[in-house]
Amino acid sequence: MTTALRALSPRGRLSFDAPLGPRAWFRTGGNAEALFVPKDGQDLAETLAALPQGTPVTLLGACSNVIIRDGGIDGLVIRMAGGFADIVIEADGLIAGAAALDMIVAEQAANAGLAGLEFLAGIPGSIGGAVVMNAGAYGSDINAVLDWAEILLPDGTISKLSNQTLAFTYRHATLPEGAIVLRARLKAHQGDAAAIRAHIAEIKAAREASQPVRARTGGSTFRNPEGHKAWQLIDEAGCRGLTRGGAQVSEKHCNFLLNLGEATSSDLEALGDEVRQRVLDHSGIALHWEIKRLGNAS
Ligand SMILES: Cc1cc2nc3c(=O)[nH]c(=O)nc-3n(C[C@H](O)[C@H](O)[C@H](O)COP(=O)(O)OP(=O)(O)OC[C@H]3O[C@@H](n4cnc5c(N)ncnc54)[C@H](O)[C@@H]3O)c2cc1C
């Protein structure tokens, strides 16, 4: 496959056998067969059109919700970056590119006196990842604020999907197969900039107090099962602080896995699977991964 991929000549950056671990929040994982950072939407569409049929395509945002497996990812890995980071402020909302970081979006909204997007300040991902994951915190989520998302399909079609079409559920959006989120419009309302900034500061402080935000982690590992909190089920099953290789269940928030320094992705995944088994044995409840596991085991 690499030979066919080497024939591509995009305007953005294309590299081969490219390490992905350093880009992931967990700091683990193997290499991309080909890593493409498109310059803009046209570059992205043209490169997709030139791909050999059947080439696997994997999207990465800020890699704050993924375990990239140690054997790396085959085919073309697309990392949305600078060319997709614009934020356009409007009177009652904003339009943010897929690569705009949630925290920057929250801060720019605050500076413009736009309220309602403060919850994004505590989420370390990008807008593309936020739409796909229906990211949320502190009583709000993307579903509550999204007006539309613009997507690119593998056949080159660009379309705007309404909030209703995306049919958001908990940490999930319903997107067409192979859809790449290019940008999204988020609704907000006029407010007092100082009050909005104070709200953001509160959210950041609450997060520092309750989550290992400075660690090598991937956020919430498992979805909250209906009527339950995943962290509580994990705690009750005796998994707080559990280790496997260089991976550990966070003592601070036990729905977070940590890379203590030398963990592999296989350590993290095996630890997660052990937690699932212990929770099932203890409570009879099956936990489901919220973190996306991408690529090949080594
Ligand atoms: C310390 C910490 C705290 C966290 N707290 C929260 C929280 O409070 N609430 C919450 O909801 N999440 C939280 N997360 C998880 C994570 O930040 C969110 O899920 C975030 O929305 C993921 O965005 P990302 O850009 O990092 O996506 P990635 O992790 O890079 O990707 C996630 C998924 O989205 C896909 N994807 C990414 N960009 C695109 C795109 N442009 N088009 C199509 N598909 C795309 C990827 O293929 C992958 O399947 C936390 C994570 C960490 C590390």
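Every number for a ligand or one of its atoms is a count from 1 in the order of the listing.
Nearest protein heavy-atom contact of atom 11 (O) of ligand 1 is Gly136 N, 3.0 Å. Scanning the protein for heavy atoms near atom 47 (O) of ligand 1, the closest one is Leu59 O, 2.7 Å. When only non-hydrogen protein atoms are considered, atom 41 (N) of ligand 1 lies nearest to Val181 O, 3.1 Å. Regarding atom 2 (C) of ligand 1, its nearest protein heavy-atom neighbour is Pro124 CG, 3.6 Å. The closest protein non-hydrogen atom to atom 39 (C) of ligand 1 is Gly128 C, 4.0 Å. For atom 15 (C) of ligand 1, the nearest non-hydrogen atom of the protein is Asn65 OD1, 3.4 Å. For atom 5 (N) of ligand 1, the closest heavy atom belonging to the protein is Arg207 NH1, 3.1 Å. Regarding atom 26 (O) of ligand 1, its nearest protein heavy-atom neighbour is Ser64 OG, 2.6 Å.
No side-chain donor-acceptor contact under 3.5 Å links Asn163 and Asp147. For the residue pair Asp281 and Gln277, a side-chain donor N or O sits within less than 3.5 Å of a side-chain acceptor on the partner.
Of the listed options Val66, Ile142, Ile180, Val66 places a heavy atom closest to atom 31 (O) of ligand 1. Of all the listed residues (Ile203, Ile68, Ile123), Ile123 holds the heavy atom that lies closest to atom 18 (C) of ligand 1. Looking at Ala135, Ser126, Ala99, Gly125, it is Ser126 that brings a heavy atom closest to atom 25 (O) of ligand 1.
A cation-pi contact, defined as under 6.0 Å to the ring centre and within 45° of the axis, is absent between Arg79 and Phe36.
A 4.5 Å side-chain heavy-atom check between Leu166 and Leu175 finds at least one atom pair inside the cut-off. Residues His172 and Met133 form no side-chain contact, since every pair of their non-hydrogen atoms from C-beta on lies 4.5 Å or further apart.
Of the charged side-chain nitrogens involved, at least one lies within less than 4.0 Å of a carboxylate oxygen, so that Arg185 and Asp92 count as a salt-bridged pair. Salt-bridge check for Arg183 with Glu150: passed, with a basic side-chain N closer than 4.0 Å to an acidic carboxylate O.
Only the backbone of Ala179 comes within 4.0 Å of ligand 1, counting heavy atoms alone; no side-chain atom from C-beta on gets that close. Counting heavy atoms closer than 4.0 Å to ligand 1, residue Ala98 contributes side-chain atoms (C-beta onward) but none from N, CA, C or O. Of all the heavy atoms of Val132, the ones lying under 4.0 Å from any atom of ligand 1 belong exclusively to the side chain.
Taking the six-membered ring where tryptophan is involved, the planes of Trp231 and His253 are perpendicular, since the angle between them exceeds 60° and thus also 30°.
Atoms of ligand 1 found under 4.0 Å from any heavy atom of Ala130 (numbered from 1 in listed order, with element): 21 (O).
Atom CZ of Arg11 is surrounded by more than 12 heavy atoms from other residues, nucleotides or ligands within 6.0 Å.
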